[in-house]
Novice: 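Before anything else, here's the structure in question.
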Number of protein chains: 2
Amino acid sequence: MAERKPRKDAARNRAAVLAAADDLFASREGAEEVTMADIAAAAGVGKGTLFRAFGDRVGLIRALYQARLEPFGKAVETGPPPLGPDTPPLQRLPAVLDALLCFKLDNRQLALALEGAGSGSPYQAGHYEQWHTLLRTVLEGVPGFADGGADAGFAAHVLLAATRADLVEHLAGQEGATREELRAGLAAFTARVLGGA
Amino acid sequence: MAERKPRKDAARNRAAVLAAADDLFASREGAEEVTMADIAAAAGVGKGTLFRAFGDRVGLIRALYQARLEPFGKAVETGPPPLGPDTPPLQRLPAVLDALLCFKLDNRQLALALEGAGSGSPYQAGHYEQWHTLLRTVLEGVPGFADGGADAGFAAHVLLAATRADLVEHLAGQEGATREELRAGLAAFTARVLGGA
DNA sequence: CTACAATACGGACCCGGGGTCCGCTTCGCA
DNA sequence: TGCGAAGCGGACCCCGGGTCCGTATTGTAG
């Protein structure tokens, strides 16, 4: 695993592509309007370069997404309350969900592109497993959650589904819901799910 | 709105296409493996015919889906309890959700194809609005549901998200959950959401 | 400074799938 | 039985993801 360091031009081009792609995804309405050729052109680079650097479309999108997600991911994994692991489950769950929702809102196009990438479902494209495991674990830590016969794994799936990019897009876009309305709605729903505990 | 009746051969071909498509979607694993040309060939028909009859890929899939969905739709709209409108909300909601889940399970490929059709989200492809309105209305009819500040519209979205085809596919496919496990999970979750009422 | 691998570049090219077009066929009404 | 209209079908177009390979750059060894 020596991870031979890449050549200078390769690194520069990789960065250029990332930047260009970021711009394009942000500017163009609709995630799928952006073509690989567009990105290559915008980055002043040949298509071959682009594919060598990222493998395929999904790889590129994933790289972008990961970059954006990283600070948030760290905050949840090792940060301070209310997101970090030292938070009591009852506070942590709504906090994480709210943060996740905000993240999706702030990165609509990108999230949409990623979740619609791997044969059209986020269950293969993203780091879905990690989030699910986290939520399930937190739920299981909620005192008395399992008492009603509730399945933490299933509940975690549903709560994640509540923050899916296309749902968020639908609510914020077609239905014209504001950011705060969405957050309030999710918070109320989460509270209700936790309520029986 | 005279709806001039179609010619005999047109009707026959339409039916043949529908049948062929149904077979193909059922037999082939993976919904997107089925190409329009495949369907046309299997139906013994030219591509032109196929597109004339259904407009485009989504149109065809929607037609198939609608045909499958019709009995279920009727049962919910005008049928007897526990699905029909005469059912008290507290029983009707879980019943409808369970039926919806079963429907998705029984029509995995098709539902997957449809929900992944209209630019990748079910919010434009299916009859999403109708289901959402129904669920929201039922939820609003649950005595005391809104007391906790819960938003029936949002809750309806989330509950629908719990029966999305790709989630169901993920759970039943990758995670190997059985039909009964899924139904139990959904029922428990639904109960919890209603629980505070 | 030069030579020479190794690595990267880039755009012409390929391929597969959705959707269209138009000359020919079939239908069905009088 | 004739004749418009409706329908047919498959060759064709387009577009986008992904590949290939001759050429250019890099960086290291001498």
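Quick note on labels: first sequence line is chain A, next is B, and so on, each numbered from 1. These numbers come from the heavy atoms of this one structure, side chains and all, not from hydrogens, waters or symmetry mates. Bear in mind that the values here come from a model prediction, so they are computed numbers and not experimental data.
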Novice: At what distance, to the nearest 0.5 angstrom, does CG of Leu135(B) lie from CG of Leu100(B)?
Specialist: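 Spacing of CG (Leu135(B)) from CG (Leu100(B)) equals 7.5 Å.
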Novice: Nearest whole Å is fine: how far is dT19(D) P from Met36(A) CE?
Specialist: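 My rounded result for the distance is 13 Å.
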Novice: Pick the closest DNA chain C nucleotide for Asp9(B) and for Glu32(B) by heavy atoms, then say which residue is nearer the 5' end.
Specialist: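 The 5'-side residue here is Glu32(B).
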Novice: I need the NZ-P distance between Lys5(B) and dG28(C), as an integer number of Å.
Specialist: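 That distance rounds to 10 Å.
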Novice: Mind calculating the distance between NZ (Lys8(B)) and C1' (dT25(C)) to the nearest angstrom?
Specialist: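 So the NZ-C1' distance, Lys8(B) to dT25(C), works out to 15 Å.
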Novice: Name the residue from Arg108(B), Gln174(B), Lys104(B) that meets the side-chain hydrogen bond (donor to acceptor under 3.5 Å, both in side chains) definition with Glu169(B).
Specialist: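 Answer after filtering Arg108(B), Gln174(B), Lys104(B): Arg108(B).
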Novice: Does dG18(D) have OP1 or OP2 under 4.0 Å away from a side-chain N or O of Lys47(A)?
Specialist: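 No, because none of the side-chain N or O atoms of Lys47(A) sits under 4.0 Å from OP1 or OP2 of dG18(D).
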Novice: Measure from CG on Asp38(A) to P on dC15(D) and round the result to the nearest Å.
Specialist: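 Interatomic distance, CG of Asp38(A) to P of dC15(D): 12 Å.
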Novice: Any side-chain N or O of Thr49(B) below 4.0 angstrom from OP1/OP2 of dG9(D)?
Specialist: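 Yes, Thr49(B) has a side-chain N/O under 4.0 Å of OP1/OP2 on dG9(D).
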Novice: I'd like to know if the side chain of Asn107(A) reaches the main chain of Leu110(A), judged simply by a donor and an acceptor atom lying under 3.5 Å from each other, with no hydrogens or angles considered.
Specialist: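 Side chain of Asn107(A) to backbone of Leu110(A), a donor-acceptor pair under 3.5 Å: no, none is there.
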Novice: Between Leu50(A) (CG) and dA8(C) (P), how many Å, whole number?
Specialist: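 In whole Å, dA8(C) P lies 15 Å from Leu50(A) CG.
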Novice: Between dG10(D) atom P and Ile39(B) atom CD1, what is the distance in whole Å?
Specialist: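 Taking atom P of dG10(D) as the reference, CD1 of Ile39(B) is at 16 Å.
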Novice: Please work out if Arg7(A) contacts a base, only the sugar-phosphate, or nothing of the nucleic acid, heavy-atom cut-off 4.0 Å.
Specialist: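 Base: the residue Arg7(A), judged by heavy atoms under 4.0 Å, touches a nucleobase.
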Novice: Using a strict cut-off of less than 4.0 Å between a Lys/Arg side-chain nitrogen and an Asp/Glu carboxylate oxygen, indicate whether Asp56(A) and Arg62(A) qualify as a salt bridge.
Specialist: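 Not counted as a salt bridge, because no side-chain N and carboxylate O are separated by less than 4.0 Å.
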Novice: Does Arg12(B) or Phe51(B) map to a spot on DNA chain C nearer the 5' end, using the closest nucleotide for each?
Specialist: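 By nearest-heavy-atom nucleotide position, the 5'-most residue is Phe51(B).
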Novice: Within the structure, does a side-chain N or O atom of Thr35(B) lie under 4.0 Å from either OP1 or OP2 of dG16(C)?
Specialist: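 Indeed not, no polar side-chain atom of Thr35(B) lies that close.
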Novice: By nearest heavy atom, map Arg52(A) and Ala10(B) onto DNA chain D; which one lands nearer the 5' end?
Specialist: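 Its nucleotide being nearer the 5' end, the pick is Ala10(B).
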Novice: Quick one: is Asn13(A) getting a side-chain N or O under 4.0 Å of the dA8(C) phosphate, OP1 or OP2?
Specialist: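 No.
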Novice: Using only atom types and a distance under 3.5 Å, with no angle test, would you say the side chain of His132(B) pairs donor to acceptor with the backbone of Ala156(B)?
Specialist: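 Side chain of His132(B) to backbone of Ala156(B), a donor-acceptor pair under 3.5 Å: no, none is there.
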Novice: What's the CZ-P distance between Arg57(B) and dG18(C), to the nearest Å?
Specialist: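 After rounding, the reported distance stands at 5 Å.
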